[in-house]
Chemist: 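The structure that follows is given in the form of structure tokens.
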Amino acid sequence: MPNTKTTNNIIAFAIIAIIALLGSTAYFWVKYNNATKSNDKLNTEISQMTETQDKLENDYQQAVSSLEDLKSDNLELNELIDKQKAELKAQKDKISKQLAVSKNYDAAKKEIEALKLQAQDYINQINDLKQKNQLLTDSNNQLESDKVNLTNKLETTTYEKNAISQQKDSLAGAKKILEKENAKLFVTANKAAALELTDISTKPYKVKSNGSYSKESSADEMQLLKICFDMKKNEYAEKGQEAFYLRLIAPDGNTVYNEKLGSGNFVKSSDKSKVNYTKKYFVDYNGNDEEVCLIWNKEIELMKGRYQVELYNKGYLAGTSDFKLK
């Protein structure tokens, strides 16, 4: 009987031990199974991370290599390529950091595609610039060729040009001499053709109510001046209108002058200086001696004192007179 009880205790103990063993085994099996799944997930993430990083690096290196192949002896284009490479490097590093933090592989792949498009855009830009530079180079070469041709043509005509230049210098010298001679002849002819005036008289008058003139020496009362002279025959002067410039020189030495009343200036033939005149008159010259009278209407106030009267023809002083106002 005691043996049976002992046997039962042993069996019960064995059963308990087996159950405990089975529980422990189940626990470790579940834990192992979870660990296996975690490892598989981690391996998958590592694989995706590696694959994505490899693609990023591969696409970046391919873009850099394509840009590097476009370099030439054009320093400006090379600087632009280096700048584009630096921008691609910054974009690649940004994608790599974002990938490590977020592990968003789909977003990373989109960024990588954007990087490829950006690189292709850079390549297109460089190719376009190189094409334009080539066109400019071809154009410059053509211009240089044209320049050489023009230089050769100019060199072949140097002798003729020098001969023509010498002839032009000779003609210019002869022309200057001729112009001087013509100027002398013109001055001589002009002076010879100037009309001479004699017996010049200038008298101040007042106009009566009946229209007749009465002598008036008062500066306040006089209304006009009558300048009369004999215009002498001159065989060198052509018939027709002759211009005479009247200068009334006041006691203070100034010319009576008012542009609104016909005053102006002319060039004095003797020294080419400009001289103010009081009024300009046109007189018909018929080729004979003739007595002429000019009327100057007083339209401005005159001072008291002695006035000088000068008449000029062709820039030369033709005659003088004077009068006095009280």
Chemist: Is it the case that the side chains of Ser212 and Asn210 hold a donor-acceptor pair, with the cut-off being a distance below 3.5 Å and no angle test?
Modeler: yes
Chemist: Within the structure provided, determine whether Ile249 and Glu310 are in side-chain contact (heavy-atom separation under 4.5 Å).
Modeler: yes
Chemist: Does the plane of the ring in Phe266 sit parallel, tilted or perpendicular to the ring in Tyr245? Use 30° and 60° as the thresholds.
Modeler: parallel
Chemist: Kindly determine whether Asp322 and Arg306 satisfy salt bridge (Lys or Arg N to Asp or Glu O under 4.0 Å), including the steps that lead there.
Modeler: CA-CA 7 Å; Asp322 63 29; Arg306 183 164 295 280; 3.5 Å; yes
Chemist: Around Lys203, counting heavy atoms of other residues, nucleotides and ligands shown, do more than 12 lie under 6.0 Å from its NZ?
Modeler: no
Chemist: Is a side-chain donor-acceptor pair under 3.5 Å present for Gln91 with Glu87?
Modeler: no
Chemist: Is any side-chain heavy atom of Ile81 closer than 4.5 Å to a side-chain heavy atom of Leu70?
Modeler: yes
Chemist: Taking the ring centre of each residue, are Phe323 and Tyr307 less than 6.0 Å apart?
Modeler: yes
Chemist: Quick one: does Lys226's side chain get under 4.5 Å of Thr202's, heavy atoms only?
Modeler: no
Chemist: If you measure from the Lys or Arg side-chain nitrogens to the Asp or Glu carboxylate oxygens, is any gap between Lys239 and Asp284 under 4.0 Å?
Modeler: no
Chemist: Starting at CG of Leu67, measure out to CG of Leu88 and round the result to the nearest 0.5 Å.
Modeler: 6.0 Å
Chemist: Report yes if some heavy atom in the side chain of Lys89 is under 4.5 Å from a heavy atom in the side chain of Asp93; otherwise report no.
Modeler: yes
Chemist: If you draw a 6.0 Å radius around CD in Gln241, do more than 12 non-hydrogen atoms from other residues or ligands fall strictly inside?
Modeler: yes
Chemist: Do Gln84 and Gln125 have side-chain heavy atoms sitting under 4.5 Å apart?
Modeler: yes
Chemist: Any donor-acceptor pair under 3.5 Å linking the side-chain atoms of Gln131 with those of Asn127?
Modeler: no
Chemist: Do the charged groups of Glu242 and Lys314 touch, with an N to O distance under 4.0 Å?
Modeler: yes
